[in-house]
Asker: 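First the structure, which I've put down as structure tokens, then a few questions once you've had a look.
The shown structure was predicted, so the numbers you read here are calculated from the model rather than taken from an experiment. Numbering of residues begins at 1 and proceeds along the displayed sequence.
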Amino acid sequence: IAFFMSSFPDGGIARVTRNLVQPLVERGYRVFLFVHTLYEDKLIGNQLPITYIKLPYSIRKKDNYSIIADAVKSHDIKVLFATGFYADYLKRLKDDGLCKLVFVLHGMPLYENLIYEYDINQYDKKSLGAILKHYLLTIPKHKLGYYDRKVLKNYRRRYRDTDAYGVLFDDYGMQVAKAVG
């Protein structure tokens with residue numbers, strides 16, 4: 001089993017991953033972690049039975065694919081969990097038959113819409129260009145549902161591209177299922 005994340009061991013996603021590792025190892029699984037930023041100094045005294053595979057590029061960069069694919073093959077990884085962040089190039093792992101791909105949403109479904117809503121109300125009022133952009137572009141796009149469609153498109157793509165889609169609560173699962181229709 002492998003996990004895919006930007007940094008470790010900082011943050012809530014890393015905490016959840018740490019909590020999952022020991023029971024998985026006790027059940028006989030080998031656990032791998034694909035990570036771009038590994039804070040090794042924070043691992044001292046908190047060693048986990050994980051094989052860390054450092055990615056040379058930001059996890060958004062598709063240049064990581066060959067490194068991940070080679071590791072999946074050589075370590076016989078059967079399942080990769082993309083926790084909190086999904087990179088489109090991961091779909092190739094599934095398409096190439098290398099492993100199962102699971103995406104885990106690490107927050108409230110459709111929270112991105114709340115961020116867009118907040119951004120609509122927060123803008124740089126100091127420059128004429130920013131004001132014009134806000135009133136002539138951002139607000140009309142919001143009112144026409146552009147941002148809502150963009151968010152839903154990403155959810156549908158992740159849902160379609162993965163073998164399983166995890167959420168934090170049953171209610172969140174119902175919200176995602178309704179959204180991806």
Side-chain angles (χ1 to χ4, degrees), residues 1-39 43 46 48-55 57-62 64-65 67-69 71-73 75-116 147-181:
I1 295 178
F3 293 87
F4 172 82
M5 61 186 63
S6 180
S7 64
F8 190 82
D10 283 350
I13 295 171
R15 188 171 33 260
V16 170
T17 301
R18 281 195 313 267
N19 292 342
L20 289 172
V21 167
Q22 199 59 44
L24 289 170
V25 170
E26 288 171 3
R27 287 176 175 80
Y29 292 98
R30 291 178 304 139
V31 179
F32 300 85
L33 174 63
F34 294 103
V35 61
H36 174 63
T37 305
L38 181 62
Y39 298 105
L43 294 174
N46 190 15
L48 294 169
I50 296 176
T51 300
Y52 299 100
I53 302 171
K54 288 187 72 174
L55 299 173
Y57 310 103
S58 159
I59 61 171
R60 296 182 188 280
K61 299 280 186 180
K62 63 183 173 186
N64 289 315
Y65 178 78
I67 295 160
I68 294 170
V72 165
K73 288 181 221 171
H75 296 293
D76 196 28
I77 294 170
K78 301 290 186 207
V79 179
L80 184 135
F81 286 86
T83 51
F85 177 79
Y86 179 74
D88 290 334
Y89 62 83
L90 293 176
K91 179 182 180 292
R92 283 184 52 201
L93 295 170
K94 176 185 159 194
D95 291 347
D96 293 346
L98 299 178
C99 68
K100 299 285 185 185
L101 181 58
V102 178
F103 173 74
V104 181
L105 181 64
H106 182 66
M108 182 177 75
L110 306 172
Y111 73 92
E112 299 91 340
N113 288 338
L114 297 174
I115 293 170
Y116 287 131
Y147 298 114
D148 294 337
R149 287 190 305 278
K150 181 178 173 182
V151 168
L152 285 174
K153 180 180 175 184
N154 287 333
Y155 274 75
R156 286 183 183 114
R157 188 179 69 247
R158 267 184 236 130
Y159 192 82
R160 179 190 65 237
D161 290 352
T162 57
D163 293 294
Y165 193 109
V167 294
L168 299 175
F169 303 103
D170 289 341
D171 184 49
Y172 285 3
M174 289 184 283
Q175 289 176 36
V176 170
K178 182 179 176 186
V180 299

Asker: Mark yes or no for whether His36, through its side chain, and Ser6, through its backbone, hold a donor-acceptor pair below 3.5 Å.
Answerer: no
Asker: Step by step, would you call Val104 with Ile13 a side-chain contact (heavy atoms from CB on, under 4.5 Å)?
Answerer: CA-CA 10 Å; Val104 181; Ile13 295 171; over 6 Å; no
Asker: Between Gln22 and Glu26, is there a side-chain heavy-atom distance shorter than 4.5 Å?
Answerer: yes
Asker: Is atom OH of Tyr89 surrounded by more than 12 heavy atoms (other residues, nucleotides or ligands) closer than 6.0 Å?
Answerer: yes
Asker: Can you find a pair of side-chain heavy atoms, one from Val21 and one from Pro49, that are under 4.5 Å apart?
Answerer: yes
Asker: Side-chain contact test, heavy atoms from C-beta onward, threshold under 4.5 Å: evaluate it for Tyr165 versus Val176 and give yes or no.
Answerer: yes
Asker: Is atom CG of Asp170 surrounded by more than 12 heavy atoms (other residues, nucleotides or ligands) closer than 6.0 Å?
Answerer: no
Asker: Please check if atom OH in Tyr159 has more than 12 non-hydrogen atoms from other residues, nucleotides or ligands closer than 6.0 Å.
Answerer: no
Asker: Measure the NZ-CG distance between Lys73 and Leu93 for me, rounded to the nearest 0.5 Å.
Answerer: 9.5 Å
Asker: Which residue pairs pass the salt bridge (charged side-chain N to carboxylate O under 4.0 Å, His left out) test with at least one member in residues 3-16, sequence neighbours excluded?
Answerer: Asp10-Lys42
Asker: Report the C-alpha separation of Tyr29 and Val79 in whole Å, then their side-chain angles, then the decisive distance to 0.1 Å, and conclude whether the side-chain contact (heavy atoms from CB on, under 4.5 Å) test is met.
Answerer: CA-CA 11 Å; Tyr29 292 98; Val79 179; over 6 Å; no
Asker: For the CZ atom of Arg30 and the CD1 atom of Ile1, what is their distance to the nearest 0.5 Å?
Answerer: 11.0 Å
Asker: Can you tell me how far CZ of Phe34 sits from CG of Leu90, rounded to the nearest 0.5 angstrom?
Answerer: 9.5 Å
Asker: Got His75 and Ile53 here, is their nearest side-chain heavy-atom distance under 4.5 Å?
Answerer: yes
Asker: Regarding Arg157 and Asp88, does a basic nitrogen lie under 4.0 Å from an acidic carboxylate oxygen?
Answerer: yes
Asker: Mind checking the CZ-OG1 spacing from Phe81 to Thr17? Nearest 0.5 Å is all I need.
Answerer: 9.5 Å
Asker: Determine whether a donor-acceptor pair (N or O, by modelled atom type, separation under 3.5 Å) exists between the side chain of Arg158 and the backbone of Tyr86.
Answerer: no
Asker: Is there side-chain contact between Met5 and Leu33, with at least one heavy-atom pair below 4.5 Å?
Answerer: yes
Asker: Spell out, as yes or no, whether a donor-acceptor pair under 3.5 Å connects the side chain of Asp163 to the backbone of Leu101.
Answerer: yes
Asker: With rounding to the nearest 0.5 angstrom, report the CZ to OH distance, Phe8 to Tyr52.
Answerer: 4.5 Å
Asker: Looking at every heavy atom in both Ile77 and Cys99, which two are closest together, and how far apart are they?
Answerer: O-CB, 3.4 Å
Asker: Would you indicate whether the side-chain heavy atoms of Leu80 and Ile68 approach each other to under 4.5 Å?
Answerer: yes
Asker: Does any N or O in the side chain of Arg92 come within less than 3.5 Å of the main-chain N or O of Ala69, such that one atom is a donor and the other an acceptor?
Answerer: no
Asker: Would you call Phe3 and Leu20 a side-chain contact if the rule is heavy atoms closer than 4.5 Å?
Answerer: yes
Asker: Are more than 12 heavy atoms, taken from residues, nucleotides or ligands other than Lys100, located less than 6.0 Å from that residue's NZ atom?
Answerer: no
Asker: Going from CZ on Arg18 to CD1 on Ile50, what distance comes out if it is rounded to the nearest 0.5 angstrom?
Answerer: 9.0 Å
